[in-house]
Amino acid sequence: MTESRPVRVRFAPSPTGMLHIGGARTALFNWAFARSRGGTFLLRIEDTDTERNSVESLQSILDSMRWLGLDWNEGPEADGNFGPYFQSERVESYNAAMARGLTEGWLYRCFATAEELEVQREEARAAKTNWRFDARFRDLSQEEAEARHAKGERNVLRFRVPEGEDIVIKDHIRGEVKFTSNDVEDWVAVRPNGMPTYNFVCALDDSAMEISHVIRGEEHLVNTPKQILVYRALGLAEPEYAHVPLILGQDGKKLSKRTGDTALGDYISKGYPADALFNFLCLLGFSIDDKTDVFTREELLAAFDLKRISKGGALFDTDKLHWLCGDWIRRMQSPSFTAAVLPYLIDAGLVPEDASADANLQLLVAAFQERITLYSELPAQAAGMFGEMPEYDGKAQKALRADGVSDVLEAVAKAVDASAWPMEDFSATVKAVAGELDLGMGKVMKPVRAALTGTLGGPELADVVRILGKQRSLKRLQECLTVIGESLEDSAQEG
RNA sequence: GGUCCCAUCGUCUAGUCUGGCCUAGGACACCAGGUUUUCAUCCUGGCAACAGGGGUUCGAAUCCCCUUGGGAUCACCA
């Protein structure tokens, strides 16, 4: 485990869907390892399953990687001397290995169909006996096999797994993991259509691309022996391994769509801050020390070490994620927060398409910065600050029905009207009013807030008034008085 | 079921390799106070864990074994 090869790691997604949260974290650990060790991070696209590939998937994966800030040195839309980086474009090299395997005998043709093997598996399962691959064609002579192949008989290439060989994986996270080749079946290395399968090409490509460390999800641990056998058959140097623990859903099982959003894209579109998600992903299975849980990419790189990745799976805890999001948002510089949130305001139709962040909008947005967790929450929370009049919610209506509200609103409106603009000290003004009416601050602030914003929560009223401006503030107070007056008449008539 | 992995507060984790400094630390969540014109923030405090059993040792969360529990995987997907 102490080779001095240059560090080259890869993330190898298959373009069959959006980037999964677990995949994103694997990519992140690879990236962090490369960046912290002055190594190379490359992206390889595993598109050997022609049935399920799609260009949309590929694009969304690349977008998600970039959103998270995981830049790659080699791969699609990048340079690199070890390409092509799409497996579908590397078939010549695979063909060469196949030919060699056939010649050397570690690959052989198998004419059993997937269907009939499946029947055997079912039978074994029903009989509760352990399924063991029946290597029927293992000893067919090469001549006969080639003859049947030449006649066009459908066949796959299987890997001839040697018997009684110890296979020890030296894993940076788990230590030594021991297998015996007797537990490995003669797996399919090449499909009938000539396209090789994952375990075969993975080893071939990792070797060809001079990958020094294979950092991937723990679910791959059990098929690592197959890949090691390929290295041994070809006399290639093995990479070092690090199998990272799984991310678990609330049910304690591998995170899946059943237990929540699993695609990074979902979090992007829901307005999660990228830095927070990055931070959170790190926290799932990695720690810097005993007390640091909020950190930047730079801080991560300074501390990153495969040894600090834990072994057990980690539950995806949305509470903590949301806390992190809020924390990151609170730490943001006001201008970048405004920039991040502007698209959501535009989307909600609260500001015009071509809106730029003028001083007033800056002010407004800043007033809500410490109150939201996701960028996408701003429109709903700040809606009352836009337009001429707010909508009064239930609590606000109740507050406005209290005794003496009219006097309060009237007095405050008068004070606001009389004051210079921008108001030096709104609080002082209200205090004066409260003194005049012989009321506590709360008694005054509450109805004023209700009248001004339509809700009982939100930013400081001094900010609200400043953001609304003199005219709008006055209008809201006065129209609110009218509304109250009408409803009083109503209830008088009723009574 | 076979093979493999894992096991500290409800959750994420520090501590485990290199036994003693651990009457087990931090964070989220939760609860109780406080600051504040509201909400949010912020501050203070509280609740809460070494899965069980055997060893080894002067001494074990830390080392060994067993049990139990959880997970991954068992495709002509990756």
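Atoms considered below: every heavy atom in the structure, side chains included; atoms not considered: hydrogens, waters and symmetry mates. All chains are named by letter (A, B, ...) in the order of the sequence lines, taking the proteins before the strands, and each is independently numbered beginning at 1.
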For B:U73, which nucleotide in any strand shown is its Watson-Crick or wobble partner with both distances under 3.5 Å? B:G2
Minimum-distance nucleotide to A:E370 side chain [options: B:A40, B:C76, B:A29]: B:A40
Are any of the side-chain nitrogens in A:K270 or A:D261 under 4.0 Å away from the carboxylate oxygens of its partner? yes
Whether each nucleotide of nucleotides 65-70 of chain B has a protein heavy atom under 4.0 Å at its base (B), only at its sugar-phosphate (S) or at neither (-) is summarised, 5' to 3', as ------
Need one value for A:R174: base, sugar-phosphate or nothing, where a base atom within 4.0 Å counts as base even if backbone is also close, heavy atoms only. sugar-phosphate
Is A:D289 paired with A:R308 through a side-chain N to carboxylate O contact shorter than 4.0 Å? no
Choose from B:C4, B:U38, B:U11 the nucleotide whose nearest atom is closest to any side-chain atom of A:D317. B:U11
Would you call the rings of A:W187 and A:F159 parallel, tilted or perpendicular, taking 30° and 60° as the class edges? parallel
Pair A:E218 + A:R174: basic N to acidic O under 4.0 Å: yes
Whole Å only: how far is the CD atom of A:E377 from the P atom of B:U41? 12 Å
Only one of A:F304, A:F280, A:F278 passes ring-ring contact (aromatic ring centres under 6.0 Å, His included) with A:F286; say which it is. A:F304
Just call it for A:T113: base, sugar-phosphate, or nothing, with non-hydrogen atoms closer than 4.0 Å on any strand. base
Per atom distances to the A:L221 side chain, the nearest of B:A27, B:U41, B:C4 is B:C4
With sequence neighbours left out, which residue pairs that include part of residues 427-451 of chain A fulfil the side-chain hydrogen bond (donor to acceptor under 3.5 Å, both in side chains) condition? none
If you find the nucleotide of RNA chain B closest to A:R52 and the one closest to A:L456, which residue's nucleotide is nearer the 5' end? A:L456
Quick check: on RNA chain B, is the nucleotide nearest A:F286 upstream (toward 5') of the one nearest A:E118, or the reverse? Name the residue that is more 5'. A:F286
Go ahead and name the base partner of B:A27; Watson-Crick or wobble counts if both distances stay under 3.5 Å, otherwise write none. B:U11
Given B:U37, B:U11, B:A29, the nucleotide with the shortest approach to the side chain of A:M445: B:U37
Heavy atom of residues 434-442 of chain A under 4.0 Å from RNA chain B: which residues? none
